[in-house]
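The following block contains the structure, expressed as structure tokens.
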Amino acid sequence: VRLKNLWHGKVVALNWGPWQGAGMVTPEVARQFETRGVPMISVPAGSEAVLQEFRHPSQAACALYGGGPWIDEADARATESVAFSVDTPLLTGQQVTRTSDGVVEAHVVLDPSRHRYLADHQIDDKPVLPAAFVMELMVETAQAAAPQSWHVTKVENFRSFSGIIIETAKRTIGLRAEQIAGDNDTAQFRVRLFDPQMPARMLYEGTIHLARIAPELPDAPELGKITEAFPLDSVDEAYYRWLFHGPTLQAITEFHGLDNSGVDAVFNPGSARECVGPHADGDWLIDPVVLDAAPQLGMIWSRAVFDTSP
């Protein structure tokens, strides 16, 4: 991971099982692996795996190849899974299952033709899943794994390993929520977002905290007053000149001022049905439209002050 962050280019560590008929595996060693139930990788399969690593756009730092007990464990979990429906906006109508040990896994189809927020968030003419919507997906998955009617209280350790670009008409992603701590009143879930074609590769990860009783809302912070006028004539001009977000993600409605210390603006909450489509059920858990408006303001401030995007 350290080298991946230091070097420009693809850096990945491959953790191989033994190869069949190649390398240091002699016939005697192969028999020993066989008696111990350790499967080996064929040369064609291993060679193709190496080529896939070079071709794949993911920036994951490690990859695991070869059979082993983890395969049987994964198969066992799959056979014990029970499907159930979830009535939150981004998981409505998606494939969601729960294993006997309480792990919840969701397979979500990202379809810009149905999900308007994807069509409204394009870079180089390709839909990109906004990080704010990744966070909403994570909390919806964690809440589905928690006892009914529990409340999301905090998201921490939110990390991105690779952005999610929809290169074709649709793309399927997977989410897995597993409880890592908790008691009668609180619970913590590790939620990982991955590519179902290569489940070992994480795309995002985070820890979601939930509680049986909703916490009290904090007091609003005191903010300094911004007296300088906003440099553009309108909100529409700001979206046209400095941002790329389409209508469903245009949460900002007013600008009250901007100076070197910050920007003062008003924005409205987002509508789940407008973003996802009329088939969406339930309300947002954290409102990704409002969440996405914060980096929008950061981009506007950077353009106004430094004439560059962050």
ask   = After noting the C-alpha distance and the side-chain angles of V96 and V104, does the key distance pass the side chain to side chain contact (heavy atoms under 4.5 Å, CB included) rule?
value = CA-CA 7 Å; V96 185; V104 166; 3.8 Å; yes
message = In the structure I gave you, are the side-chain heavy atoms of P147 and R212 within less than 4.5 Å of one another anywhere?
response =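 No, side chains not in contact.
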query = Hey, what do you get for OG1 (T248) to NE2 (H115), rounding to the nearest 0.5 Å?
reply = 12.0 Å
query = What about W150 and M135, same hydrophobic cluster or not, with Ile/Leu/Val/Met/Phe/Trp/Tyr joined at side-chain heavy-atom distances under 4.5 Å?
reply = yes
request  = Kindly compute the distance separating CD1 (I165) from CG (L118), expressed to the nearest 0.5 Å.
outcome  = 12.5 Å
query = Counting N and O atoms only, with roles assigned by atom type, does the side chain of H151 sit under 3.5 Å from a partner on the main chain of A211, one being a donor and the other an acceptor?
reply = no
key: Exam field: side chain S162 to backbone L203, donor-acceptor pair closer than 3.5 Å   = no
task = Just do the salt bridge (charged side-chain N to carboxylate O under 4.0 Å, His left out) check on R159 and E205 with the steps written out, would you?
result = CA-CA 5 Å; R159 297 190 295 169; E205 182 183 48; 2.4 Å; yes
ask   = What residue among V108, T92, T88 forms side chain to side chain contact (heavy atoms under 4.5 Å, CB included) with E140?
value = T88
message = salt bridge (charged side-chain N to carboxylate O under 4.0 Å, His left out), that's the test. Do R116 and E274 meet it? Break it down for me.
response = CA-CA 7 Å; R116 299 168 189 165; E274 286 184 7; over 6 Å; no
message = For a 4.5 angstrom cut-off between non-hydrogen side-chain atoms, does I173 reach I164?
response = yes
request  = Work out which heavy atom in P269 is nearest to a heavy atom in V290; give both atom names and the distance.
outcome  =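 Answer, listing the atom of P269 first, then V290: CA-CG2, 3.6 Å.
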note = Heavy atoms of L210 and Q143 approach each other most closely as CD2-CA, 3.8 Å
message = With a 4.5 Å cut-off on side-chain heavy atoms, are Q94 and V109 touching?
response = yes
ask   = Are L137 and Y204 side-chain neighbours, meaning at least one heavy-atom pair lies under 4.5 Å?
value =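 No, their side chains stay 4.5 Å or more apart.
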ask   = Is the count of non-hydrogen atoms from other residues, nucleotides or ligands lying under 6.0 Å from E156 atom CD greater than 12?
value =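 It does: E156 CD has more than 12 such atoms within range.
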task = Is it possible for you to say whether M138 and V128 belong to one hydrophobic cluster, with membership spreading through side-chain heavy-atom contacts below 4.5 Å?
result =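 In one cluster: no.
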ask   = Would you say the side-chain atoms of R176 pair up with the backbone N or O of V103, donor to acceptor, closer than 3.5 Å?
value =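 No.
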task = Starting at OG1 of T207, measure out to CZ of F158 and round the result to the nearest 0.5 Å.
result =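 One gets 11.5 Å once the value is rounded to the nearest 0.5 Å.
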task = Could you walk me through whether F194 and E105 pass side chain to side chain contact (heavy atoms under 4.5 Å, CB included), step by step?
result = CA-CA 11 Å; F194 58 90; E105 191 164 299; 3.9 Å; yes
request  = Determine yes or no for a side-chain-to-main-chain donor-acceptor pair under 3.5 angstrom, with R303 supplying the side chain and A238 the backbone.
outcome  = no
message = For D185, I'd like to know if atom CG has over 12 heavy atoms of other residues, nucleotides or ligands within 6.0 Å.
response =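 Enclosed: over 12 neighbouring heavy atoms sit under 6.0 Å from CG of D185.
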ask   = What is the distance from atom CZ of R171 to atom CG of L129, rounded to the nearest 0.5 Å?
value = 9.0 Å
note = Correct closest heavy-atom pair for Y117 and L110 would be OH-CD2, 4.0 Å
task = Using the rule that two of Ile, Leu, Val, Met, Phe, Trp, Tyr join whenever any of their side-chain heavy atoms come within less than 4.5 Å, decide whether L90 and V155 are in one cluster.
result =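 Cluster IDs for L90 and V155 match.
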query = Nearest heavy-atom pair of D195 and T172: which atoms, and what distance?
reply =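 So the minimum-distance heavy-atom pair works out to OD1-O, 4.4 Å.
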ask   = Of all heavy-atom pairs between D287 and G270, which one has the smallest distance, and what is that distance?
value = OD2-N, 3.1 Å
Within residues 249-270 or reaching into it, pairs that qualify as side chain to side chain donor-acceptor pair (under 3.5 Å) - sequence neighbours excluded = E254-H256, D259-S261
request  = Fit a plane to each ring of F133 and W284, take the angle between them on a 0 to 90° scale, and name the class: parallel (under 30°), tilted (30 to 60°) or perpendicular (over 60°).
outcome  = perpendicular
request  = Before giving the answer on side chain to side chain contact (heavy atoms under 4.5 Å, CB included), spell out for D292 and H245 the whole-Å C-alpha distance, their side-chain angles and the decisive distance to 0.1 Å.
outcome  = CA-CA 10 Å; D292 191 70; H245 304 73; 3.4 Å; yes
key: P112 versus P127, closest heavy-atom pair with distance   =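 Heavy-atom minimum between the residues: CG-CG, 3.7 Å.
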inquiry  = Show me the pairs that pass side chain to side chain donor-acceptor pair (under 3.5 Å) and involve residues 224-238, at least two apart or across chains.
reply    =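 Sorted result for residues 224-238: E237-R241.
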request  = For the residue pair F255 and F230, categorise the inter-ring angle as parallel (less than 30°), tilted (30 to 60°) or perpendicular (more than 60°).
outcome  =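 Plane angle under 30°, so parallel.
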Partner set under side-chain hydrogen bond (donor to acceptor under 3.5 Å, both in side chains) for K170, not counting sequence neighbours = none
message = For I300 and L232: C-alpha separation, side-chain torsions, deciding distance, then whether side chain to side chain contact (heavy atoms under 4.5 Å, CB included) applies.
response = CA-CA 10 Å; I300 288 171; L232 300 182; over 6 Å; no
ask   = Do L175 and V191 come within less than 4.5 Å of each other through their side chains, counting heavy atoms only?
value =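 The answer is yes; the side chains approach within 4.5 Å.
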query = Are the side chains of L258 and V305 in touch, meaning some heavy atoms are under 4.5 Å apart?
reply = yes
query = Does any non-hydrogen side-chain atom of E136 lie less than 4.5 Å from one of L285?
reply = yes
query = Taking atom CG of D283 and atom OG of S271, what is their separation to the nearest 0.5 Å?
reply =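 Between D283 CG and S271 OG, I get 9.0 Å after rounding to 0.5 Å.
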query = At what distance, to the nearest 0.5 angstrom, does CD1 of I208 lie from CD of Q188?
reply = 10.5 Å
Proximity of H209 and F189 rings by center, below 6.0 Å =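 No, the ring of H209 stays outside the 6.0 Å limit from the ring of F189, centre to centre.
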key: Co-membership, hydrophobic cluster, residues M299 and I123, 4.5 Å side-chain   =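 Yes, M299 and I123 fall within the same hydrophobic cluster.
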query = Applying the 4.5 Å side-chain criterion to the ILVMFWY set and letting contacts propagate, would I252 and L291 be lumped into a single cluster?
reply = no
